[in-house]
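Right, one structure below, let's go through it.
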Amino acid sequence: MSATPDESPRRLPSDSAAPPHRPDGCPLPGIVADFSPRLAELAFEPCLVAAVDQHAAELRELLYAQGPELQPRRLNRAELSDYARGFLDRLAEIGWREPVGYDFAVHRLTAICWLVRQNGLLAV
């Protein structure tokens with residue numbers, strides 16, 4: 001998929017006109033709000049499923065690995081939030097805007113959304 005010239009891409013989740021993020025600065029609610037619609041596309045886009053699964057696996061490996069044995073542990077909301085904040089900051093630095101189709105950032109943000117929902121990380 002690619003954008004046609006008359007289609008304007010959406011802003012970063014942190015630029016969203018949606019209600020402000022939590023006072024703690026957690027970007028996860030904004031990412032979930034903006035990328036939950038992409039999760040519905042998983043039902044009919046096998047390439048998106050594969051890409052999001054790969055990104056989720058990379059994030060789990062990055063955030064779960066602990067100690068010399070690299071034993072997995074439960075996903076930590078604060079660590080995923082810190083990662084997402086850094087990722088969004090980098091996207092802002094390069095002037096990224098969400099395309100109509102898919103790119104690395106869309107895959108990564110969709111994977112973050114999926115991990116948040118799968119692990120119940122928005123529950124207070």
Side-chain angles (χ1 to χ4, degrees):
M1 289 186 180
S2 64
T4 59
D6 62 326
E7 295 174 325
S8 60
R10 291 191 328 200
R11 296 179 306 241
L12 284 170
S14 60
D15 296 337
S16 170
H21 301 299
R22 291 184 171 175
D24 64 1
C26 181
L28 300 179
I31 292 171
V32 169
D34 288 349
F35 287 86
S36 286
R38 296 265 188 183
L39 295 178
E41 297 171 26
L42 295 176
F44 57 90
E45 292 284 345
C47 292
L48 180 61
V49 172
V52 169
D53 183 59
Q54 183 63 41
H55 281 269
E58 290 173 4
L59 288 168
R60 280 191 299 267
E61 183 177 324
L62 175 70
L63 298 173
Y64 289 177
Q66 294 294 308
E69 299 85 25
L70 299 178
Q71 294 295 317
R73 60 179 173 77
R74 182 166 166 76
L75 184 61
N76 181 294
R77 179 180 178 269
E79 289 174 355
L80 184 59
S81 179
D82 287 345
Y83 173 84
R85 188 176 301 108
F87 189 70
L88 291 172
D89 287 348
R90 181 63 185 132
L91 291 177
E93 287 173 9
I94 64 171
W96 180 85
R97 295 291 181 248
E98 183 182 351
V100 173
Y102 311 112
D103 65 1
F104 178 91
V106 167
H107 292 149
R108 185 57 55 118
L109 291 165
T110 304
I112 290 170
C113 176
W114 186 83
L115 287 169
V116 167
R117 292 185 64 180
Q118 286 297 111
N119 291 279
L121 298 179
L122 291 185
V124 179

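Please read all numbers here as calculations on a predicted model, not as lab measurements.
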**side-chain contact (heavy atoms from CB on, under 4.5 Å) between Leu122 and Val32, intermediate numbers included** = CA-CA 9 Å; Leu122 291 185; Val32 169; 3.9 Å; yes
**Least distance between heavy atoms, Ala105 atom then Phe87 atom** = CA-CZ, 3.9 Å
**Message:** Please report the interatomic distance CD1(Ile94) to CG(Asp89), rounded to the nearest 0.5 Å.
**Reply:** 12.0 Å
**Prompt:** Roughly how far apart are Glu98 CD and Asp34 CG, rounded to 0.5 Å?
**Reply:** 7.0 Å
**Complete:** Heavy-atom nearest pair, Ile112 first then Ala84, reads CD1-CB, 4.2 Å
**Item:** Arg60 side, atom CZ; His55 side, atom NE2 - distance, nearest 0.5 Å
**Value:** 12.5 Å
**Message:** Going by the rule salt bridge (Lys or Arg N to Asp or Glu O under 4.0 Å), which residues pair with Arg117 if we only count those two or more places apart in sequence or in a different chain?
**Reply:** none
**Message:** What's the separation between atom CD in Glu41 and atom CZ in Phe35, rounded to the nearest 0.5 Å?
**Reply:** 10.5 Å
**Message:** Any heavy-atom pair between the side chains of Leu121 and Leu80 that's under 4.5 Å?
**Reply:** yes
**Fill in**
Result for side-chain contact (heavy atoms from CB on, under 4.5 Å) between Leu115 and one of Leu59, Thr110, Val52 points to Leu59
**Asked** At their closest point, which heavy atom of Pro99 faces which heavy atom of Arg38, and how far apart are they?
**Response** O-NH2, 3.0 Å
**Item:** Spacing of NE2 belonging to His107 relative to CD belonging to Gln54, to within rounding of 0.5 Å
**Value:** 11.5 Å
**Item:** Leu88 side, atom CG; Tyr83 side, atom OH - distance, nearest 0.5 Å
**Value:** 9.5 Å
**Request:** Compare every heavy atom of Ala56 with every heavy atom of Ala111, then report the nearest pair and how far apart it is.
**Result:** CB-N, 3.6 Å
**Asked** If you take all heavy atoms of Arg85 and Gly25, which pair is closest and at what distance?
**Response** NH2-O, 3.1 Å
